[in-house]
Undergrad: 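Handing you this structure, nothing more for now.
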Amino acid sequence: MSIFDKWKAGGLQIPKNKEATRNLKTIEATAPKLLYFPMDMHIGSPAKVEVEVGDRVQIGTLLGSRDKGISTNIHSSVSGKVVAIENRRVFRGESTCVVVENDFKDDADTLESIVEHLESEEFSERIQDAGITGKGGAGFPTAIKYNKEHKEVEYLVVNGSECEPYSTSDFRCMVEYSEEIVQIIRAISRIYVIDDTYIAVEDHMVEAIEQLQKAIDKTGTEHIRIHVLPSEYPQGHAGLQIREVLGIETMEGQRSGDIGVLQSNVSTIKAIYDAVYDNRPLVKRIITVTGPMIKEPKNLMVRIGTPVSHLLEECGGLLQGEVDMINGGPMMGRIFHNTDIPVDKDTTTLLFMEKQQEREETDCIRCARCIDNCPVDLQPILISNTYREGAYDKAPALRSESCISCGTCTFVCPANIPLLEDIQALNKKWKEMQS
Ligand code: SF4
Ligand code: SF4
């Protein structure tokens with residue numbers, strides 16, 4: 001059975017709330033005096049620290065090298081001096097961080113120039129050396145997807161749908177870097193011998209569609225097609241998008257690579273362009289700083305390692321009142337409490353909302369909305385009950401690990417039951433039982 005059968009019914013229509021920043025050109029954020037580079041800003045093993053306190057570094061200096069298995073490199077985004085290596089609170093919990101004091105000289109190390117006609121091995125090595133991870137929010141080391149050793153690729157799907165409300169970083173990336181995106185897609189198509197390439201965008205992204213089409217027309221690359229999706233949530237999820245764009249089902253437990261599909265977020269694609277054509281490792285990204293509580297919402301080009309407090313200053317600070325600070329969008333994002341936390345490679349959006357009154361949880365009224373709206377056909381209330389009863393070993397029977405953390409069930413529940421929280425807690429317990 002496909003895990004996306006429920007999606008046939010269509011997704012959620014939720015307010016996009018992107019007006020505050022969608023038409024704002026990305027501007028370069030100033031660099032702060034101190035930057036914090038977590039060695040654990042991706043899925044998998046943390047990077048191994050490669051510098052010592054007192055070392056001088058440049059933009060692009062390797063601060064942490066990838067560990068065995070799933071891991072990636074971390075590079076400095078400023079020039080200056082390493083002043084501390086310490087444990088700090090970060091978006092993923094706690095991590096060893098290399099602290100660099102910026103000398104504001106912006107001296108830079110670049111990666112070695114590479115040959116014009118790359119083959120797949122050199123290409124995935126470059127992605128690995130540049131420390132590229134999925135910039136859509138997942139933080140998965142990208143080189144693993146592009147390592148052709150063990151699989152054939154038939155399709156490339158570039159995910160530009162950015163279905164989270166408020167986020168506009170992918171949208172701005174497509175509007176402002178359409179030519180770079182098309183150029184690197186052409187290179188990937190050649191290297192991996194892919195005839196069918198799609199850029200998936202939502203139907204409200206008119207300017208991005210126009211710019212991308214212009215870039216495609218200019219290069220005469222007919223095999224790159226723009227696939228316009230309806231504005232439904234969660235359109236950005238890998239398996240759902242593959243089904244919508246290609247009509248291919250992803251079965252339980254499969255990844256896109258298993259079915260011959262190479263899939264990358266559009267901002268990740270731009271990072272690959274930077275690494276291949278400009279020899280630059282991933283040290284910057286576009287971040288949308290927005291929400292009703294921020295004085296001047298902006299799309300900022302931000303150096304990785306910049307503390308949130310610095311970006312708040314860049315955006316005029318917060319309005320008076322109590323605030324919920326969210327890393328990501330309102331559906332899948334996570335509340336954080338400390339503005340000293342540095343932004344990392346998968347920070348797409350910093351959202352500042354009026355503090356939500358604690359919504360009182362009431363008894364389930366058995367309306368089945370959570371079940372009807374789950375795009376992967378789970379029974380969220382049953383999983384939640386199972387967690388609360390402590391029957392953790394029932395997780396596999398309820399397929400709770402197939403949850404894509406879209407937050408739809410929590411969003412639609414009239415009884416305010418924190419269903420997603422319970423599901424994630426159950427999955428964590430189940431994992432602990434396995435180890
Ligand atoms: S968060 Fe809820 S709605 Fe989304 S996949 Fe998981 S169980 Fe289904
Ligand atoms: S949506 Fe909420 S109230 Fe309705 S069945 Fe699910 S848990 Fe119960």
Side-chain angles (χ1 to χ4, degrees), residues 17-18 20-21 24 26-42 63 74-78 80 83-84 86-102 104 133 135-139 164-170 172-173 267 282-356:
N17 290 326
K18 294 178 190 269
T21 53
L24 298 180
T26 306
I27 50 176
E28 191 84 23
T30 62
K33 180 76 185 158
L34 288 175
L35 295 96
Y36 306 88
F37 298 88
M39 294 296 105
D40 193 2
M41 59 167 114
H42 48 263
L63 301 179
I74 315 274
H75 303 83
S76 181
S77 59
V78 291
V83 291
E86 60 192 25
N87 254 17
R88 295 184 66 89
R89 183 109 197 120
V90 298
F91 281 137
R92 288 178 186 269
E94 227 182 61
S95 169
T96 303
C97 290
V98 173
V99 186
V100 176
E101 188 176 68
N102 189 0
F104 297 98
T133 55
K135 288 170 93 182
E164 266 280 8
Y166 289 96
S167 301
T168 56
S169 55
D170 284 346
R172 290 312 309 175
C173 183
S267 293
L282 175 49
V283 294
K284 283 183 181 181
R285 64 154 303 139
I286 303 175
I287 296 178
T288 305
V289 184
T290 188
M293 294 303 282
I294 192 93
K295 284 191 182 153
E296 298 162 27
K298 287 179 182 169
N299 294 302
L300 294 172
M301 183 64 82
V302 180
R303 297 176 198 234
I304 308 298
T306 302
V308 171
S309 55
H310 185 81
L311 299 178
L312 277 175
E313 279 171 36
E314 292 278 294
C315 295
L318 293 169
L319 295 169
Q320 286 288 327
E322 285 192 278
V323 181
D324 273 337
M325 302 191 289
I326 302 169
N327 171 27
M331 298 299 285
M332 294 180 76
R334 299 227 163 193
I335 288 194
F336 64 96
H337 302 284
N338 179 348
T339 59
D340 290 343
I341 289 179
V343 298
D344 54 33
K345 293 177 183 178
D346 60 7
T347 310
T348 61
T349 308
L350 295 170
L351 180 58
F352 299 91
M353 305 288 285
E354 284 152 354
K355 192 159 191 66
Q356 292 280 307

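Reckoned from all heavy atoms, side chains included, excluding hydrogens, waters and symmetry mates. Everything quoted here is computed from the prediction, not taken from an experiment.
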Undergrad: Got a second to check how far I287's CD1 is from T306's OG1, nearest 0.5 Å?
TA: 7.5 Å
Undergrad: Which atom pair, heavy atoms only, marks the closest approach of A29 to L311?
TA: CB-CD2, 4.1 Å
Undergrad: Carefully, step by step, assess Y166 and M353 under the rule side-chain contact (heavy atoms from CB on, under 4.5 Å).
TA: CA-CA 11 Å; Y166 289 96; M353 305 288 285; 3.5 Å; yes
Undergrad: Is C315 close to L300 at the side-chain level, that is, under 4.5 Å between some pair of heavy atoms?
TA: yes
Undergrad: Between F104 and K33, is any pair of side-chain heavy atoms under 4.5 Å apart?
TA: yes
Undergrad: Can any side-chain N or O of K18 pair as donor or acceptor with the backbone N or O of S167 at less than 3.5 Å?
TA: yes
Undergrad: Can you give each donor-acceptor pair under 3.5 Å made by side-chain atoms of residues 326-344, sequence neighbours left out, with the distance rounded to 0.1 Å?
TA:
from: R334; atom 1: NH2; to: Q424; atom 2: OE1; distance (Å): 3.2
from: N338; atom 1: OD1; to: D340; atom 2: N; distance (Å): 2.7
from: D344; atom 1: OD1; to: D346; atom 2: N; distance (Å): 3.3
from: D344; atom 1: OD1; to: T347; atom 2: OG1; distance (Å): 3.0

Undergrad: Is there side-chain contact between L35 and V98, with at least one heavy-atom pair below 4.5 Å?
TA: no
Undergrad: Nearest heavy-atom pair of T21 and P297: which atoms, and what distance?
TA: CG2-CB, 3.6 Å
Undergrad: Which pair of heavy atoms, one from K295 and one from G316, lies closest together, and at what distance?
TA: CD-O, 3.0 Å
Undergrad: Within a 6.0 Å radius of atom CD on E322, are there more than 12 heavy atoms belonging to other residues, nucleotides or ligands?
TA: no
Undergrad: Are E28 and K284 packed together at the side-chain level, in the sense that at least one heavy-atom pair is separated by less than 4.5 angstrom?
TA: yes
Undergrad: For a quick check under 3.5 Å, do T349 and E164 share a side-chain donor-acceptor pair by atom type?
TA: no
Undergrad: Less than 4.5 Å apart, side chain to side chain, heavy atoms only: is that true for V308 and H310?
TA: no
Undergrad: With rounding to the nearest 0.5 angstrom, report the NZ to CZ distance, K345 to F37.
TA: 10.0 Å
Undergrad: Would you say that M39 contacts I74 through its side chain, given a criterion of any heavy-atom pair below 4.5 Å between the two side chains?
TA: yes
Undergrad: R303 side chain to S77 main-chain N or O, any donor-acceptor pair under 3.5 Å?
TA: yes
Undergrad: At what distance, to the nearest 0.5 angstrom, does OG1 of T26 lie from CZ of R285?
TA: 11.0 Å
Undergrad: Does the side chain of T288 reach to within under 4.5 Å of the side chain of T348, using non-hydrogen atoms?
TA: no
Undergrad: Specify the closest pair of heavy atoms between D170 and S267, including all atoms of both residues, with the distance to one decimal.
TA: OD1-OG, 2.6 Å
Undergrad: How close do P38 and C97 get, counting heavy atoms only, and between which atoms?
TA: CA-SG, 3.7 Å
Undergrad: Please list, chain by chain and in numerical order, all residues satisfying side-chain contact (heavy atoms from CB on, under 4.5 Å) with E313, sequence neighbours excluded.
TA: none
Undergrad: Is the side chain of R89 donor-acceptor paired with the backbone N or O of E94 at a distance under 3.5 Å, no angle test?
TA: no
Undergrad: Which heavy-atom pair separates G291 from L351 by the least distance, and what is that distance?
TA: CA-CD1, 3.7 Å
Undergrad: Would you call R92 and D40 a salt bridge, taking side-chain N to carboxylate O under 4.0 Å as the test?
TA: no
Undergrad: Kindly compute the distance separating CG (L350) from OG1 (T290), expressed to the nearest 0.5 Å.
TA: 10.0 Å
Undergrad: Counting heavy atoms not belonging to E86, are there more than 12 under 6.0 Å from its CD?
TA: yes
Undergrad: Given side chains that start at C-beta, do those of S95 and Y36 come closer than 4.5 Å, heavy atoms only?
TA: no
Undergrad: Taking the side chain from E314 and the backbone from T30, do they hold a donor-acceptor pair closer than 3.5 Å?
TA: yes
Undergrad: Strictly distance-based, threshold 3.5 Å: is any side-chain N or O of R172 a donor or acceptor partner for the main-chain N or O of L24?
TA: yes
Undergrad: Only one of N102, V78, V83 clears side-chain contact (heavy atoms from CB on, under 4.5 Å) with L34; which?
TA: V83
